[in-house]
Amino acid sequence: METSLSLLDRLTRCADDLSWEQFLLIYQPLILRQLDRMNIATQDCDDILQETLKSVHQSLSGFAHNGRVGAFRRWLYSIVQQRASQYRQKLNKSQFLGQGHLLEEQIDDTNDLEAAWDQEHDRFVIQRLLTMIEPEFTKTTWLAFELQTGQELSPAQVAGELGMSINAVMIAKSRVLRRLRQLGRQLVDFGDE
């Protein structure tokens, strides 16, 4: 799954509030979670997030998508890494141990962090999109969708559990997936890596 080129284009050309709200809704929690994985102190995460978003805003016009799936994700990850690294450097300069040694950084293996970022990106973006569309559906429709996709129950099992016809259960899942794809085309491009 990749960030939509149309969303990136809207952010660079007109930078309207709605486009930034959509971007923040998807990426702000993901960035905060990554900073937590990097062992950044909770009280400092918001500052680093703001610095990251400022860098994205300032640099986005210079971002040239190379057409490869994951290009924007990797570019954003590099900005998060850079801001976290700058934070650690500043922290190390201001804090010393007894003999004057710089604090040792507690950094997980960079490859592990990048792999975790890639794995979580798709899962997280889909979850954010689902959260955005959930209010558009009745509780029964949503529950039928969740039971089929989240708990992997068969349409017959869901129908029995919810007192619906099998056809209604399948239609419920189809409606939610159709709306997810529709919003996905607006905000992200679905693709295989």
**Report entry** Interatomic distance, Ile26 atom CD1 to Leu129 atom CG [nearest 0.5 angstrom]
**Finding:** 5.0 Å
Requested in this report: Any pair with a residue in residues 126-144 that passes salt bridge (charged side-chain N to carboxylate O under 4.0 Å, His left out), sequence neighbours left out, goes on the list, sorted by first then second residue, please.
Outcome: Glu136-Arg179
Query raised in the report: Who passes side chain to side chain contact (heavy atoms under 4.5 Å, CB included) against Thr149, sequence neighbours left out?
Result: Phe145, Lys173
Query raised in the report: How many angstroms lie between atom CG of Leu60 and atom CZ of Phe72, to the nearest 0.5 angstrom?
Result: 6.0 Å
Query raised in the report: With sequence neighbours excluded, what pairs up with Gln157 under the side chain to side chain donor-acceptor pair (under 3.5 Å) test?
Result: Ser154
Query raised in the report: With Ser78, which residues qualify under side chain to side chain contact (heavy atoms under 4.5 Å, CB included), at least two apart?
Result: none
Query raised in the report: Would a 4.5 Å heavy-atom cut-off, applied to side chains only, mark Ile31 and Leu76 as touching?
Result: yes
Report task. Drop me the distance from Leu24's CG to Glu21's CD, to the nearest 0.5 angstrom. Result -> 8.0 Å
Query raised in the report: Which residues, ordered by chain and number, are linked to Leu153 in its hydrophobic cluster, where ILVMFWY side chains connect at heavy-atom gaps below 4.5 Å, directly or through other members?
Result: Leu143, Leu147, Val158, Leu162, Met164, Val169
Report task. Working to the nearest 0.5 Å, report the span between CD1 of Ile40 and CD of Gln34. Result -> 10.0 Å
Query - Any residue meeting side chain to side chain contact (heavy atoms under 4.5 Å, CB included) with Ser59, in chain and number order, not counting sequence neighbours - result: Trp75
Query raised in the report: Listed by chain and number, what are the side chain to side chain contact (heavy atoms under 4.5 Å, CB included) partners of Thr42, not counting sequence neighbours?
Result: none
Query raised in the report: Can you list the residues that meet the salt bridge (Lys or Arg N to Asp or Glu O under 4.0 Å) rule with Arg33, with sequence neighbours excluded?
Result: Glu120
Query raised in the report: Could you state the interatomic distance from NE2 (His57) to CZ (Phe23), rounded to the nearest 0.5 Å?
Result: 10.5 Å
Query - Residues that Gln148 engages under side chain to side chain donor-acceptor pair (under 3.5 Å), provided they are two or more places apart - result: none
Report summary line: Apart from Met170 itself, members of its ILVMFWY cluster (side-chain separation under 4.5 Å) are Ile166
Exercise answer: donor-acceptor pairs, residues 46-53 side-chain atoms, under 3.5 Å, sequence neighbours excluded:
unit_1, atom_1, unit_2, atom_2, d
Thr52, OG1, Ile48, O, 2.8

Report task. Check the pair Glu146, Trp142 against side-chain contact (heavy atoms from CB on, under 4.5 Å), reporting the backbone distance first and the verdict last. Result -> CA-CA 6 Å; Glu146 283 187 328; Trp142 194 258; 3.0 Å; yes
Query raised in the report: For Ser55, which residues count as a side chain to side chain donor-acceptor pair (under 3.5 Å) partner, sequence neighbours excluded?
Result: Arg83
Query raised in the report: Hey, what do you get for CD (Gln127) to OG1 (Thr131), rounding to the nearest 0.5 Å?
Result: 4.5 Å
Query raised in the report: For the hydrophobic clusters of this structure (ILVMFWY residues joined by side-chain heavy atoms under 4.5 Å, transitively), does one cluster hold both Ile171 and Val176?
Result: no
